[in-house]
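Note that these values count all heavy atoms, side chains included, but never hydrogens, waters or copies made by symmetry. Quick note on labels: first sequence line is chain A, next is B, and so on, each numbered from 1.
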2 protein chains.
Amino acid sequence: MEQPLVSISNLAQELLITPRTIRYYEEMGLLTPLHHEKMSQRLYGPRERARLTLILRGKRLGFSLAEIKEMIDLYDIDRTEGLQLERTVAYGEKRLQELEEKIQELILLKGELTDYHQQFTELLKKRNQERPKKEDAPRQQ
Amino acid sequence: MEQPLVSISNLAQELLITPRTIRYYEEMGLLTPLHHEKMSQRLYGPRERARLTLILRGKRLGFSLAEIKEMIDLYDIDRTEGLQLERTVAYGEKRLQELEEKIQELILLKGELTDYHQQFTELLKKRNQERPKKEDAPRQQ
DNA sequence: AAAAGGGTTGACGTTCACGTAAACTGGTGT
DNA sequence: ACACCAGTTTACGTGAACGTCAACCCTTTT
């Protein structure tokens with residue numbers, strides 16, 4: 001039974017962050033929970049939850065909140081309505097291009113580290129051949 | 001004519017960063033230029049340049065300097081010599097695993113944004129069909 | 001000898017992304 | 001009515017990653 005609307009600390013708990021973090025993202029314009037007018041509490045629905053997971057994903061990937069905000073603003077139909085769609089689309093293409101470049105760079109980095117890793121692994125193998133352990137090395141940590 | 005040893009500001013210029021940044025990385029233990037004993041200046045060879053590019057790559061990908069330092073320390077034969085190779089290798093495997101996860105997450109993010117992008121593109125197409133521009137829309141920016 | 005052009009070491013300032021604490025408010029159980 | 005809990009605002013604190021500035025060498029040019 002997924003409640004459609006949850007409180008700030010519930011949402012925070014669910015996503016393993018603190019309420020403060022959520023409020024901060026709102027303060028930065030990344031979230032807009034139901035909190036208008038004369039309501040004393042913030043309530044978060046599926047839309048805000050989706051945004052938050054997007055934000056957290058972006059953070060894990062090393063994007064700044066400003067960059068993430070740009071992505072979210074692109075992804076937000078309402079906000080973009082009435083804006084020049086051509087520009088928006090072109091801009092989105094640029095961002096996607098950058099994402100692809102980032103992926104390639106990550107793959108490159110992984111390749112580098114993999115190389116060194118293999119060197120080490122072989123070095124380890126040789127050592128174990130030279131002076132193997134008395135008892136067959138136990139596999140438990 | 002690639003000089004094997006360059007000054008700090010030369011290196012900074014080459015990599016589009018500031019000398020301060022380079023000194024900071026040294027202070028954090030990420031770089032060890034020739035600066036021992038009784039030398040008044042720092043000099044950077046190919047080894048340090050390689051490290052620096054690795055650092056910058058890591059930064060672009062959102063890793064903290066602490067994380068990057070871990071990678072570098074793995075990648076550094078001298079420093080690891082005498083250390084428990086088994087642990088090093090195991091640890092490296094964990095890092096590589098994390099890298100792979102990050103790649104997957106990036107691909108996921110790109111997928112999400114691509115979806116939204118296509119929605120927008122189609123929206124734009126429809127609009128242009130409804131009320132096409134007087135003159136056939138010119139394709140130049 | 002004096003000035004100029006890098007390089008060096010502090011040391012303090014700054015931005016981002018929150019952490020933390022205080023003081024207040026609003027509904028809820030007893 | 002009162003305690004209690006969850007949420008809110010306000011504000012100051014913090015760690016990472018540098019920026020900026022001052023004051024002090026060397027070395028080279030004039």
Notebook entry, point to check: Between A:Arg20 and A:Leu43, who's closer to the 5' end of DNA chain D by nearest nucleotide?
Noted result: A:Leu43

Notebook entry, point to check: Once you round it to whole Å, what is the distance between C1' of C:dG7 and CD of B:Gln13?
Noted result: 15 Å

Next item on the list: For the pair B:Arg95 and B:Glu98, find out whether any cationic side-chain nitrogen is under 4.0 Å from an anionic carboxylate oxygen.
Entry: yes

Item checked: A:Glu27 CD - C:dG19 P separation (whole Å) -> 13 Å

Next item on the list: Please determine, by modelled atom types, if B:Glu100 and B:Gln104 share a side-chain donor-acceptor pair under 3.5 angstrom.
Entry: yes

Next item on the list: Kindly give the heavy-atom pair with the smallest separation between A:Leu99 and B:Lys110, and that separation in Å.
Entry: CD1-CA, 3.7 Å

Notebook entry, point to check: Roughly how many Å is it from CG in A:Leu30 to C1' in C:dA17, rounded to a whole number?
Noted result: 11 Å

Item checked: Residue A:Ile8, side-chain heavy atoms: nucleotide from C:dG26, D:dT8, C:dT8 that is nearest -> D:dT8

Item checked: Closest nucleotide among C:dC18, D:dA17, C:dT8 to the B:Arg23 side chain -> C:dT8

Check: Would you say A:Thr21 reaches C:dA17's phosphate, i.e. side-chain N/O to OP1/OP2 under 4.0 Å?
Finding: no

Check: When the distance from OH of B:Tyr24 to P of D:dC18 is rounded to whole Å, what number comes out?
Finding: 7 Å

Item checked: B:Met28 CE - D:dC18 C1' separation (whole Å) -> 10 Å

Notebook entry, point to check: Salt bridge check: are B:Lys69 and B:Asp76 linked by an N-O gap of less than 4.0 Å?
Noted result: no

Next item on the list: Tell me which residues in residues 53-72 of chain A put a heavy atom below 4.0 Å from DNA chain C, sorted by number, or none.
Entry: A:Lys59, A:Ser64, A:Leu65

Note to self: From CD of A:Gln41 over to C1' of C:dT25, roughly how many Å is that when rounded to an integer?
What the structure shows: 10 Å

Check: A:Thr18 side chain N/O closer than 4.0 Å to the phosphate oxygens (OP1, OP2) of C:dC18?
Finding: no

Check: Quick one: does NZ or CZ of A:Lys102 land under 6.0 Å from the six-membered ring centre of A:Phe63, within 45 degrees of the ring axis?
Finding: yes

Note to self: Does C:dG7 have OP1 or OP2 under 4.0 Å away from a side-chain N or O of B:Ser9?
What the structure shows: yes

Notebook entry, point to check: Looking only at side chains, do A:Glu122 and A:Gln118 share a donor and an acceptor under 3.5 Å apart?
Noted result: no

Next item on the list: Output yes when at least one side-chain N/O atom of A:Ser7 is less than 4.0 Å from OP1 or OP2 of D:dA6, else no.
Entry: no

Margin query: What is the separation between atom CG on B:Leu5 and atom P on C:dG6, rounded to the nearest whole Å?
Written below: 20 Å

Check: So, B:His35 versus B:Gln41: side-chain donor-acceptor pair below 3.5 Å or not?
Finding: no

Item checked: Separation of atom CG in A:Leu34 from atom P in D:dG7, rounded to whole Å -> 15 Å

